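In this text the structure is predicted, and so the values were computed from the model without any measurement. A note on names: the letters A, B, ... follow the listed sequences, proteins ahead of strands, and every chain is numbered from 1. Computation of the quantities below employed the complete heavy-atom set of this structure, encompassing side-chain atoms and omitting hydrogens, waters and symmetry-equivalent molecules.
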Amino acid sequence: MKIYNSLSRQLEDFVPLNSEQVSIYSCGPTVYDYIHMGNARTALVTDIIRRYLVYRGYKVKLVQNLTDIDDKIINRAAELGVSAKQLAHENGEAFFEDSQRLGIHPADVHPKATEHIPEMISLIQTLIDKGAAYVIDGSVYYRVHQFAEYGKLSHRKPEDLLAGARVEIDERKEDPRDFDMWKAAKPGEPSWDSPWGKGRPGWHIECSAMAMKHLGETIDIHAGGEDLQFPHHENEIAQSELATGCTFARYWMHVAFLKIDGRRMGKSEQNFILLRDALDHYPTEVIRHFLISAHYRHPLDYNPESLAKSEGALRRLNNCLDALKKYDGQSNASETETEPLQDAIQTMQSRFADAMDTDFNTAQALGVIFTLVGEVNRLLATSNGATAPVFAQAYQALTETCEVLGIYNSDVQDGGNVEQRDQLIALLLEVRQEARSRKDWDTSDKIRDRLKEINIEIQDTREGATWKIVS
RNA sequence: GGUGGCGUAGCCAAGUGGUAAGGCCAGAGUCUGCAAAACUCUUAUUCGUCGGUUCGAUUCCGACCGCCACCUCCA
């Protein structure tokens with residue numbers, strides 16, 4: 001299994017530190033607003049990495065933080081006239097709700113910055129004690145030149161960094177590159193007591209402290225959006241590694257941007273689509289399919305046309321799976337004869353693993369799945385090229401892989417009197433069939449048309465009429 | 001200015017030093033009372049442009065053109 005490590009800019013063999021459990025830390029959102037599709041992309045990539053590792057037999061501990069104290073939260077709260085705490089709480093809950101709607105499994109731990117102040121203070125103190133930080137007017141700054149490897153993740157040279165530090169140079173800092181780990185409180189702002197006076201933590205120290213608290217001094221995989229590579233992740237490394245002397249994260253994964261109209265989707269760009277709005281328009285599986293239709297390290301453009309394509313692709317997949325479903329459970333354990341479809345199933349499984357093993361190539365994995373869908377459809381059409389047990393195997397294999405990607409949900413039936421509804425429709429189809437046999441097309445078409453009006457679509461097939469719900 | 005990335009059929013998108021996955025759309029067909037849906041088949045002598053290396057390059061190297069991102073809060 002190989003992962004592209006931003007640190008080395010190479011595909012590396014993935015070998016977890018502890019063979020018992022893989023540790024993953026994923027930078028979560030700053031909860032001052034609902035999350036948008038770009039945030040969703042990163043969260044989804046993390047979710048699929050976790051699912052795939054589990055599929056491959058690893059135990060995984062995933063930590064995804066919430067930054068719930070920050071300038072943006074304070075400012076937005078002031079605009080809205082609510083407390084920062086209240087705003088962060090509401091958006092945090094909304095984040096969990098949106099994630100869940102996208103089919104993202106909750107992380108094992110969702111630490112919040114405000115609940116880890118003591119850990120952060122302690123980490124900052126360690127850095128001060130080591131001479132790697134200094135205090136000015138109640139704020140604590142990290143002394144970047146103390147860390148010889150600074151820039152190793154973003155591959156920047158010190159002089160380039162200085163050139164970049166052209167905005168608002170704080171003259172009090174020893175070096176323009178130095179960043180704050182503790183911000184002295186301004187009047188009216190939320191603050192916590194610290195050895196340096198009242199204040200609040202800087203963004204970077206939050207992740208260092210929370211990652212190390214929940215996953216230890218060295219973690220296997222650290223993931224986040226590509227914008228976080230510098231300075232956020234670079235600073236996390238500087239803080240953590242200088243404090244512990246250990247490697248902070250062994251594999252750094254950065255998810256490329258989601259774009260819209262060719263430009264980055266970003267909150268500051270005002271061009272974002274909220275995940276919850278997208279979820280109101282498209283099924284979960286469609287959005288997931290769209291987000292994984294390109295490799296995670298390549299930019300992906302959001303537009304209605306692409307979503308429509310995913311909708312079509314999913315329809316093809318679902319039709320195939322629906323047709324296979326009736327064979328489910330019919331597999332004979334003693335089945336030994338080899339059939340062409342069995343080979344195709346095995347080929348699909350091994351190619352799926354190959355694709356995912358190579359830096360989680362979901363786009364390629366989808367291609368592999370759809371290749372088998374084509375094979376199945378061909379045999380289903382002739383219905384003499386394979387037997388029920390093999391179709392059952394195909395169903396199992398397909399649903400298993402689709403489940404890793406989260407693009408198929410076999411029990412999507414909404415609640416209510418589903419059974420009763422099904423019986424009612426079956427009755428209508430029966431009446432319609434009687435009318436058809438009398439060539440009473442008026443009655444037949446009336447039933448079809450009226451059902452269509454309530455989004456139930458009849459399809460006359462060789463084996464008789466079937467129906468499904470359309471939107 | 002520094003750094004990195006991208007440019008593959010009408011559209012989206014994988015991929016490989018040995019001759020281009022998959023999806024959408026389109027066209028043809030099967031099915032059907034009609035329809036819808038579904039399914040099948042077909043669709044890139046070619047991978048931004050120009051050079052170079054090679055028996056052979058879309059894949060490696062160089063130049064150029066175009067687009068994007070990071071260097072400043074942002075997944």
Side-chain angles (χ1 to χ4, degrees), chain A residues 6 9 26-30 32-33 35-46 64 67 70-72 75 151 154-157 159-168 203 223-232 234 254-259 262-269 272 289-290 293-295 297-301 303 305-317 319-320 322-323 351 355 358 361-374 376-378 380-382 436 439-441 444-445 448-449 452 457-462 465-468 470:
Chain A
S6 303
R9 287 183 174 163
S26 176
C27 281
T30 298
Y32 70 100
D33 198 354
I35 64 165
H36 62 235
M37 288 290 288
N39 301 302
R41 185 182 191 191
T42 303
L44 181 59
V45 167
T46 308
Q64 183 188 38
T67 295
D70 172 85
D71 286 344
K72 297 214 174 222
N75 294 338
S154 51
H155 305 277
R156 296 174 200 285
K157 298 181 188 117
E159 52 270 31
D160 296 339
L161 290 167
L162 285 170
R166 56 186 129 92
V167 181
E168 286 180 42
W203 179 32
E226 63 176 334
D227 51 337
L228 300 188
Q229 189 165 337
F230 187 88
H232 185 56
E234 194 72 61
H254 290 101
V255 181
F257 289 132
L258 185 71
K259 303 197 296 178
R263 304 194 66 83
R264 170 185 183 178
M265 182 182 289
K267 285 184 180 169
S268 53
E269 309 286 334
F272 54 86
H289 179 278
F290 162 68
S293 63
H295 185 86
R297 281 190 285 113
H298 291 311
L300 175 66
D301 204 280
N303 55 64
E305 291 73 28
S306 288
L307 268 299
K309 288 169 190 170
S310 287
E311 220 160 17
L314 242 359
R315 204 178 306 130
R316 180 172 165 79
L317 176 67
N319 284 328
C320 178
D322 285 349
R351 288 190 181 159
T358 309
N361 194 332
T362 52
Q364 193 169 61
L366 286 173
V368 168
I369 288 170
F370 278 93
T371 299
L372 181 60
V373 166
V376 167
N377 281 336
R378 256 184 297 283
L380 239 22
T382 57
R436 279 160 60 85
K439 298 201 186 302
D440 177 2
W441 309 125
S444 167
D445 289 352
R448 183 175 66 194
D449 294 344
K452 176 76 181 175
E457 193 170 87
I458 290 180
Q459 293 142 16
D460 291 314
T461 70
R462 195 176 300 173
T466 61
W467 61 274
K468 70 176 179 183
V470 296

Looking across every strand, which nucleic acid part, if any, lies under 4.0 Å from A:Ile35 by heavy atom: base, sugar-phosphate, or nothing?
nothing
If you compare every side-chain N and O of A:Arg263 against the phosphate oxygens of B:A69 (OP1, OP2), does one of them come in below 4.0 Å?
yes
Do other residues, nucleotides or ligands put more than 12 heavy atoms under 6.0 Å from the CZ atom of A:Arg297?
yes
What integer number of Å spans the C1' atoms of B:G10 and B:C25?
8 Å
May I ask you to say whether A:Glu457 pairs ionically with A:Lys468, meaning some side-chain N is under 4.0 Å from a carboxylate O?
no
Rounding to an integer number of angstrom, what distance separates B:C34 and B:G15 when you compare their C1' atoms?
45 Å
I want to check one thing: is the phosphate of B:G15, taken as OP1 and OP2, less than 4.0 Å away from some side-chain N or O of A:Asn361?
yes
Ignoring the backbone of A:Asp460, work out which of B:A35, B:C41, B:A75 is nearest its side chain.
B:A35
Can you tell me if A:Ser154 and A:Glu234 form a side-chain donor-acceptor pair at under 3.5 Å?
yes
Among B:A14, B:C73, B:A75, find the nucleotide with the atom closest to the side chain of A:Gln364.
B:A14
Where the side chain of A:Phe370 is defined as all heavy atoms beyond and including C-beta, which of B:G22, B:A75, B:G4 is the nearest nucleotide?
B:G22
Counting distance alone, no hydrogens or angles: does the base of B:G23 have a donor or acceptor under 3.5 Å from a partner atom on the side chain of A:Ser293?
no
Going by atom types only, do A:Asn303 and A:Ser306 share a side-chain donor-acceptor pair under 3.5 Å?
yes
From the list B:A14, B:G23, B:C12, which nucleotide is the closest neighbour of the side chain of A:Ala363?
B:A14
Determine the interatomic distance between C1' on B:U46 and the same-named atom on B:A57; round to the nearest Å.
12 Å
Of the candidates B:C70, B:G22, B:C73, the side chain of A:Phe230 sits closest to B:C70
With a 3.5 Å cut-off and heavy atoms only, can you find an N or O donor on one side and an acceptor on the other between the side chain of A:Arg448 and the base of B:A35?
yes
Using Watson-Crick or G-U wobble geometry with both distances under 3.5 Å, which nucleotide pairs with B:U42?
B:A26
Closest approach to the side chain of A:Arg315, judged atom by atom: which nucleotide of B:C41, B:C73, B:A38 is it?
B:A38
Assign each of A:Gly312 and A:Lys309 to its nearest nucleotide of RNA chain B by heavy atoms, then name whichever residue's nucleotide is nearer the 5' end.
A:Lys309
Less than 4.0 Å between a side-chain N and a carboxylate O, is that true for A:Asp449 and A:Lys452?
no
When you check the gap from the basic side-chain N to the acidic O, do A:Asp227 and A:Arg264 get nearer than 4.0 Å?
yes
For A:Ala294, report the nucleic acid contact type (base, sugar-phosphate, nothing); a contact means any heavy atom under 4.0 Å.
sugar-phosphate
So what does A:Phe257 hit on the nucleic acid, given a heavy-atom distance under 4.0 Å: a base, only sugar-phosphate, or nothing?
base
Sugar-phosphate, base or nothing in reach of A:Ser310, heavy atoms under 4.0 Å:
nothing
Could you tell me whether A:Ala256 contacts a base, only the sugar-phosphate backbone, or nothing, with contacts defined as non-hydrogen atoms closer than 4.0 Å?
base
Does A:Arg264 put a side-chain nitrogen or oxygen below 4.0 Å from OP1 or OP2 of B:G5?
no
State which of B:A75, B:C34, B:C39 makes the closest approach to the side chain of A:Arg316.
B:C39
Regarding A:Lys439, tell me which of base, sugar-phosphate or nothing describes its non-hydrogen contacts under 4.0 Å with the strands shown.
nothing
Check every strand shown and say whether A:Asp445 touches a base, only sugar-phosphate, or nothing at a heavy-atom separation below 4.0 Å.
base
Would you classify A:Asn377 as touching base, sugar-phosphate or nothing, given that sugar-phosphate means primed atoms plus P, OP1 and OP2, and contacts are heavy atoms under 4.0 Å?
sugar-phosphate
Among B:G33, B:G23, B:A75, which nucleotide sits nearest the side chain of A:Trp441?
B:G33
For A:His295, answer base if it contacts any base atom (sugar-phosphate contacts may also be present), sugar-phosphate if it contacts only those atoms, and nothing otherwise; contact means non-hydrogen atoms under 4.0 Å.
sugar-phosphate
Between A:Gly262 and A:Asp301, which residue's closest nucleotide on RNA chain B lies nearer the 5′ terminus?
A:Asp301
With a non-hydrogen cut-off below 4.0 angstrom, is A:Thr371 in contact with a base, only sugar-phosphate, or nothing?
sugar-phosphate
What's A:His298 touching, base or sugar-phosphate or nothing? Going by heavy atoms closer than 4.0 Å.
sugar-phosphate
By the 4.0 Å heavy-atom rule, please label A:Arg297 as base, sugar-phosphate, or nothing.
nothing
Give me the distance, rounded to whole Å, that separates B:A44 from B:G23 when you measure between the C1' atoms they each carry.
16 Å
Within the 4.0 Å heavy-atom criterion, would you say A:Arg351 contacts the bases, only the backbone, or no part of the nucleic acid?
nothing
With rounding to the closest Å, how many angstrom separate the C1' atoms on B:C41 and B:U54?
39 Å
When the P atoms of B:C50 and B:U58 are considered, how many whole Å apart are they?
11 Å
What interatomic distance, in whole Å, is found between P of B:C64 and the corresponding atom of B:U3?
14 Å
